[in-house]
Amino acid sequence: MTLASESLPSIGAVLLRPFYRRSPVEVARDLLGKVLVHGKTSGTIVETEAYLGEGDLAAHAARGITGRTRVLFGPPGHAYVYFIYGMYECLNLVAEPEGKAGCVLIRALEPVAGVDLMRRRRPTARKAEDLANGPGKLTLAMAITRNQNGADVTRGSLTVHEPVVRQPVEIAVTRRIGITQSADLPLRFLIRGNRYVSRGTAQLT
DNA sequence: GGTAGGATGGGCT
DNA sequence: GCCCATCCTACCC
């Protein structure tokens, strides 16, 4: 080991609340290339979707404040984790100022740290590309559950960071996946050419 | 390479 | 009672 590698930071600065206090579209775009950290696992965010408040019928927040959607109307920079299809959980990060709904769904990660742990949590994944290339897969790989719903992601065990080495990425924009309402809006963002994007999109290079 | 169908349970009308 | 911001398996090119 060299002195240089020892002094290299393992992770960049944590993203603070003003980063999230913006429109979901801006936050979704800017989250690409950032690093999600939970416990011993981390991964680079390579695919996101923006969900708006009023007018976006695909968004949970479209039907107003309920027990489930309350966190979406709360302060930005918190996790919104919901249970879907009786089996899976999806991670969102709350955007917009407090009182206005909006969030970003994290759809795919390129694993960085704790890959062995992720493999144990995702025994059906045959390749590294399959560990976290979907919203339900990445929560399994990183052990993110509804226990993290409402958690402050600017501090604590679940956080998002600047990458150690910031590299320019080309961003592709498409319609969102797996929805029927408001399906034509260009609200999905992904790193063009990245092999860890969700199923059926890797060819979009 | 591709896709049809089933698993499975909470949220909301 | 219906609807899901999904994933996996089986099966078919």
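So you know, we letter chains A, B, ... as the sequences are listed, proteins then strands, and number each from 1. Only this structure's heavy atoms are used, side chains among them; waters, hydrogens and symmetry mates stay out.
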ask   = Taking everything shown except A/E54 itself, do over 12 heavy atoms lie less than 6.0 Å from its CD?
value = no
inquiry  = Is the phosphate of C/dC8 approached by A/R122 (side-chain N or O, under 4.0 Å from OP1 or OP2)?
reply    = yes
ask   = Looking at A/Y51 versus A/H60, is the centre-to-centre ring distance below 6.0 Å?
value = no
task = May I ask you to evaluate whether A/T66 reaches the phosphate of B/dC12, defined as a side-chain N or O under 4.0 Å from OP1 or OP2?
result = yes
remark   = Quick note, A/P135 side chain, CB onward, closest among C/dC7, C/dC4, B/dG11 is C/dC7
inquiry  = Side chain of A/Y88, heavy atoms from C-beta onward: which of C/dC4, C/dA5, C/dC7 has the nearest atom to it?
reply    = C/dC7
ask   = When you match A/M87 and A/R146 each to their closest nucleotide on DNA chain B, which lands nearer the 5' end?
value = A/M87
message = By nearest heavy atom, map A/Q181 and A/K137 onto DNA chain C; which one lands nearer the 5' end?
response = A/Q181
request  = Determine the contact category for A/R68: base if any of its heavy atoms lies under 4.0 Å from a base atom, sugar-phosphate if only primed atoms, P, OP1 or OP2 are that close, otherwise nothing.
outcome  = sugar-phosphate
note = Side-chain contact check for A/F83: nearest option of C/dT9, B/dG9, C/dA5 is B/dG9
ask   = Can you find a side chain N or O atom of A/H60 that sits less than 4.0 Å from OP1 or OP2 on B/dG11?
value = no
Nucleotide nearest A/I179 (side chain, heavy atoms from C-beta), chosen from C/dT9, C/dC4, C/dA5 = C/dA5
Heavy-atom pair of closest approach, residues A/L131 and A/A141 = O-CB, 3.6 Å
query = Do A/R107 and A/F189 meet the cation-pi criteria used here (NZ or CZ under 6.0 Å from the six-membered ring centre, within 45° of the axis)?
reply = no
